[in-house]
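What follows is a short report on a single structure.
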Amino acid sequence: MVIEQQISGAVIAGIKALYGAEVTAAQVQLQQTKKEFTGHLTLVVFPFLRASKKSPELTAQAIGEYLLANEPAVAAFNVIKGFLNLTVAPFCWIALLNDINSQPTYGIVPVTEQSPLVMIEYSSPNTNKPLHLGHVRNNLLGFSLAEIMKANGNKVVKTNIVNDRGIHICKSMLAWQKWGEGVTPESSGKKGDHLIGDFYVLFDKHYKQELKELQAQGLTDKEAEAQSALMAEARAMLLKWEAGDKEVVALWSMMNSWVYAGFDETYKMMGVDFDKIYYESQTYLEGKGKVMEGLEKGVFYRREDGSVWADLTGDGLDEKLLLRADGTSVYMTQDIGTAKLRYDDYPINKMIYVVGNEQNYHFQVLSILLDKLGFAFGKGLVHFSYGMVELPEGKMKSREGTVVDADDLMAEMINTAHEVSQELGKLDEMTPAEAEAISRTVGLGSLKYFILKVDPRKNMTFNPKESIDFNGNTGPFIQYTYARICSVLRKAAEQGIALPEQLPATLALSEKEETMIQLLADYASTVREAGKEYSPAFIANYIYDLVKEYNQFYHDFSILREENEELKKFRLILSANVAKIIKSGMSLLGIDVPERM
RNA sequence: GGUCCCGUAGUUCAACGGAUAGAAUAGAAGUUUCCUAAACUUUAGAUUCGGGUUCGAUUCCCGGCGAGACUACCA
């Protein structure tokens, strides 16, 4: 914030004047003063002891006196051990609030023609099963990250690479042909992605059964797998698909279209979207050319069996297969191909992959390979690696049926929100449509905030049995505060109170009010930080702090009953700006805030 | 075996190397003549262990213990 920079500059000048030493801005540690102490900002003086050659207390005292005499923004100071607590002059706070109030998009850096272009890949589902809790974290993080990058002045292209080909898809197709021919999403009343997922499970069930029977005949596990007729059929189908067999491709297209319709519904409910979707079926042959190029340049090498490899032992990694002996691509080859396609399509300055941390190794390798192949962006690619969502009993396992389905989860959250709202009597004066909308906003807000407030890199635990809280550090708590501020502002408008654009600098504020302004101003640096660290959690935790502080403020001061008109207007403007920041910050998380609830 | 992550109140999460490690929940006790009580106030409770670097370590380094991921000619 502005005041901080100003004082920071004064400190640098002060050290020079007092001790003749040059210090960098990085050495000036200005942090918010802890609640137990008097002051707004605290300077840690330990880094300056070498220059001052005095005790921490004396050094702090000297710097404090210098600032008091030379920096008008500093109104008072006190020294505790090596910490110099500074009190900022009241007029600065009013000026700061006036500044924030004059900017409808405070803290947001505008995107211009010259802004760098960031491509963010996220979601990237398989078309053989519906989205689950892990995808929910991916989607929410990806969408929020895109919003945060935009807020930091980047052009953003959101992209999704759909894994729509391969043996797993064939399994669903085969199961449908064998045990469900004629069934459609309409006839079954199921969402397309769920229907296909069911067939995938059905295949697995029959396959397991077959293996069991083969093993009963005395075959080993491996022999049984090799002899499985079902698996052989699936493989045959994949070959037909790759050969462009009309019937197989037609079936594949039809079933995929069901899945996409299902996914679209889920994405819509979740509130996420994409600017450009790539399909693996259209890109999986790309990359081969690049690998051959690398082979010619001598970056890669060919083994006797014809397979192509990259030797990464020089980078501390292993050898990596890029083309099978039969010349077909693997995952890595495809990622090289899609990278090339994307850079052909867009002038990308930075590429961010939102992919779980189980693929850390893959992206480490990809980065090196792209770099070796001469892609300028290779080294700079960002693998936004997020942790797993675990259940109390451990990792989600589809085989054990412990997967939490995304659609079910969202429906349940909305349902719970409805029940809680009803119990609290919040829905009494609403039409069914309004009640529905509020339940949805609150239920989804609760889920989104629950996931986004956690440091993305860390694994997190989700307990489906204990539904997500609506009290405390939660989405609804923030939404509620927002709605309440809206209500106060509505009442003020009804009373005909007109708010001025600028507040007079002479207004005397309490400590609490100054703290609120300080907190508000921090929004800008929080957004910067979140962009730099790729962490929506910073935004979430900041908003919570702001809201918690505001709630106490709200209770301590009766805004509308304040008799001093100037003060009343100040508090209304402060409240309006808190609401503005809440709305802005929550939108960076992809969470709606209702004006009434 | 190798590489990489992680370990903080009962639980879920915080803490650029900075002051007495913060919140929320669950527990105990309170606050509705008052702008929305999904709120507020009080209370009790934690850094896996052992070294090192530092004025100062939850944070950085080394080692032990514990949990997880990766180490596929799957994607």
Side-chain angles (χ1 to χ4, degrees), chain A residues 26 29 31 33-37 42 44-47 49 55-56 80-83 85 124 126 128 161 163 165-169 280 284 305 307-309 316-318 321-326 328-332 334-335 356-362 364 385 387-388 390 392 394-395 417 420-421 423-426 442 446 450 453-455 457-463 466 468-481 483-492 495 529 533 537-538 540-541 544-545 548 551-552 554-562 568 571-572 575 596-597:
Chain A
Q29 292 181 55
Q31 50 195 246
T33 303
K34 297 217 167 198
K35 277 185 183 163
E36 312 88 86
F37 305 103
T42 297
V44 182
V45 300
F46 289 107
L49 297 186
S55 73
I80 294 170
K81 290 191 272 182
F83 299 90
N85 299 320
S124 308
N126 286 349
N128 63 328
I161 171 100
N163 175 17
R165 61 165 285 280
I167 190 79
H168 45 288
I169 317 297
E280 237 175 62
Y284 81 106
D305 63 359
S307 56
V308 177
W309 295 72
L317 302 172
D318 283 332
L321 176 87
L322 296 174
L323 285 177
R324 297 188 185 101
D326 62 6
T328 53
S329 313
V330 292
Y331 179 38
M332 188 61 74
Q334 292 177 32
D335 256 1
N357 63 11
E358 73 234 352
Q359 291 194 35
N360 283 355
Y361 183 75
H362 174 80
Q364 210 181 334
S385 162
M388 303 286 101
E390 287 167 358
K395 216 186 159 184
V420 174
S421 303
E423 270 173 37
L424 290 168
K426 301 275 183 186
V442 173
S446 176
F450 178 83
K453 75 172 181 190
V454 180
D455 181 343
R457 291 175 304 232
K458 290 191 176 174
N459 288 2
M460 63 181 293
T461 310
F462 175 82
N463 190 341
E466 297 169 17
I468 296 172
D469 258 318
F470 289 69
N471 302 319
N473 186 0
T474 66
F477 172 69
I478 294 164
Q479 291 170 322
Y480 170 72
T481 304
R484 200 168 54 182
I485 295 174
C486 288
S487 171
V488 172
L489 294 174
R490 275 195 301 270
K491 288 240 157 65
Q495 293 174 20
E529 189 88 352
E533 301 289 327
F538 286 1
N541 288 312
Y544 174 67
D545 281 346
K548 190 170 158 54
N551 268 308
Q552 290 166 11
Y554 178 90
H555 267 263
D556 290 353
F557 302 94
S558 304
I559 299 171
L560 290 174
R561 285 180 300 142
E562 171 62 46
K568 187 196 279 186
R571 286 176 188 161
L572 284 168
S575 299
R596 310 163 190 268
M597 68 182 270

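Just so we're on the same page: letters track the sequence lines, and every chain starts at 1.
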- Measure the CZ-CD1 distance between A/R165 and A/I169 for me, rounded to the nearest 0.5 Å. 9.0 Å

- When you measure from the side chain of A/F477, which nucleotide among B/C35, B/A19, B/A39 comes out closest? B/A39

- Task: Using the C1' atom as the reference point in each nucleotide, state the distance between B/G64 and B/A23 in Å, no decimals.
- Result: 32 Å

- Item | Distance between P atoms of B/G27 and B/G66 (Å, rounded) | 35 Å

- Message: More than 12 heavy atoms of other residues, nucleotides or ligands under 6.0 Å from CZ of A/R596: yes or no?
- Response: no

- Item | B/A38 base / A/S421 side chain donor-acceptor hit below 3.5 Å | yes

- Message: Any base atoms under 4.0 Å from A/Q552, or only sugar-phosphate, or nothing? Heavy atoms, all strands.
- Response: sugar-phosphate

- Task: Report which part of the nucleic acid A/K548 touches: base, sugar-phosphate, or nothing (heavy-atom distance under 4.0 Å, all strands).
- Result: sugar-phosphate

- Task: In whole angstrom, give the distance that lies between atom CG of A/N541 and atom P of B/C16.
- Result: 11 Å

- Item | Any N/O donor-acceptor pair, A/N85 side-chain to B/A19 base, under 3.5 Å | yes

- Task: Under 3.5 Å for both distances, Watson-Crick or G-U wobble, that's the pair rule; now give the dot-bracket for RNA chain B, with | marking pairs to another strand and [ ] for crossing ones.
- Result: ((((.((..((((....[...)))).(((((.......)))))....(((((..]....))))))).))))....

- Message: For the CZ atom of A/R561 and the CD1 atom of A/I559, what is their distance to the nearest 0.5 Å?
- Response: 10.5 Å

- Message: The side chain of A/T461 is closest to which nucleotide in this list: B/A38, B/C13, B/A23?
- Response: B/C13

- Note on the structure: Assigned chi class of B/U32 under the 90° convention is syn

- Query: What integer distance in Å separates A/F557:CZ from B/C35:P?
  - Reply: 18 Å

Between protein and nucleic acid, restricted to nucleotides 67-75 of chain B and to nitrogen or oxygen atoms under 3.5 Å apart, what atom pairs and distances do you find?
from: B/C73; atom 1: O3'; to: A/R324; atom 2: NE; distance (Å): 3.3
from: B/C73; atom 1: N4; to: A/D305; atom 2: OD2; distance (Å): 2.7
from: B/C74; atom 1: OP2; to: A/R324; atom 2: NE; distance (Å): 3.1
from: B/C74; atom 1: OP2; to: A/R324; atom 2: NH2; distance (Å): 2.5
from: B/A75; atom 1: OP1; to: A/R324; atom 2: NH2; distance (Å): 3.3
from: B/A75; atom 1: OP2; to: A/Y331; atom 2: N; distance (Å): 3.2
from: B/A75; atom 1: O3'; to: A/E280; atom 2: OE1; distance (Å): 2.4
from: B/A75; atom 1: O3'; to: A/E280; atom 2: OE2; distance (Å): 3.1
from: B/A75; atom 1: O2'; to: A/N163; atom 2: ND2; distance (Å): 2.4

- Indicate, with a heavy-atom threshold strictly under 4.0 Å, whether A/A483 touches base, sugar-phosphate, or nothing. base

- Going by ring centres under 5.5 Å and near-parallel planes (under 30°), is A/Y544 stacked on B/A23? no

- Identify which nucleotide among B/A23, B/U25, B/G18 has an atom closest to any side-chain atom of A/N471, counting heavy atoms from C-beta outward. B/U25

- Closest heavy-atom pair and its distance - A/Q29, A/P47: NE2-CG, 3.8 Å

- Measure the distance from CG on A/D545 to C1' on B/A24 and round it to the nearest whole Å. 12 Å

- Gap separating the CD atom of A/E562 from the CZ atom of A/R571, nearest 0.5 angstrom: 4.5 Å

- Message: As a test of reading the structure: which of B/U20, B/U12, B/C34 is closest to the side chain of A/R561, going by heavy atoms?
- Response: B/C34

- Inter-residue atom distance A/N459.CG - A/N357.CG, 0.5 Å rounding: 5.5 Å

- Message: With a 3.5 Å cut-off and heavy atoms only, can you find an N or O donor on one side and an acceptor on the other between the side chain of A/T42 and the base of B/A19?
- Response: yes

- Task: Give A/Y284 one of three labels, base, sugar-phosphate or nothing, depending on what nucleic acid heavy atoms sit under 4.0 Å from its own.
- Result: nothing

- Item | A/V488, nearest nucleotide to its side chain (from B/C35, B/A38, B/G18) | B/C35

- Message: Does B/G7 have its OP1 or OP2 closer than 4.0 Å to a side-chain nitrogen or oxygen of A/K458?
- Response: yes

- OH on A/Y480 to CZ on A/F470, rounded to 0.5 Å: 15.5 Å

- Query: Between B/A21 atom P and A/K35 atom NZ, what is the distance in whole Å?
  - Reply: 16 Å

- Task: State, yes or no, whether a side-chain contact exists between A/N85 and A/I80 at a heavy-atom distance under 4.5 Å.
- Result: yes

- Using a cut-off of less than 4.0 Å, is there contact between a side-chain N or O of A/K81 and OP1 or OP2 of B/C55? no

- Query: Within the pair A/S487 and B/U36, is there a side-chain N or O less than 4.0 Å away from OP1 or OP2?
  - Reply: yes

- Query: Once you round it to whole Å, what is the distance between P of B/A19 and CD of A/Q31?
  - Reply: 7 Å

- Does a side-chain N-to-carboxylate-O contact under 4.0 Å join A/D455 and A/R457? yes

- Note on the structure: Against the side chain of A/M597, the closest entry in B/A39, B/C35, B/A38 is B/A38

- Using the C1' atom on both, measure B/C62 against B/U71 and round to a whole Å. 25 Å

- Message: Could you tell me if A/N360 and A/S385 have a donor-acceptor pair between their side chains, going purely by distance under 3.5 Å?
- Response: yes

- Between B/U36, B/C55, B/U25, which one does the side chain of A/F46 approach most closely? B/C55

- Query: Once you round to the nearest 0.5 Å, how far does OG1 of A/T481 lie from OH of A/Y544?
  - Reply: 10.0 Å

- A/E533 CD - B/A14 P separation (whole Å): 14 Å

- Query: Under the 3.5 Å rule, do the base of B/U20 and the side chain of A/K34 count as making a donor-acceptor pair?
  - Reply: no

- Query: With distance as the sole test, does A/D326 use its side chain to make a donor-acceptor pair with the main-chain N or O of A/T328 at under 3.5 Å?
  - Reply: yes

- Output the single nucleotide from B/C40, B/U36, B/U12 whose closest atom is nearest the side chain of A/F450. B/U12

- Note on the structure: Closest of B/C40, B/A37, B/C13 to the A/N551 side chain is B/C40

- Query: How many Å lie between CZ on A/F470 and C1' on B/A26, as a whole number?
  - Reply: 18 Å

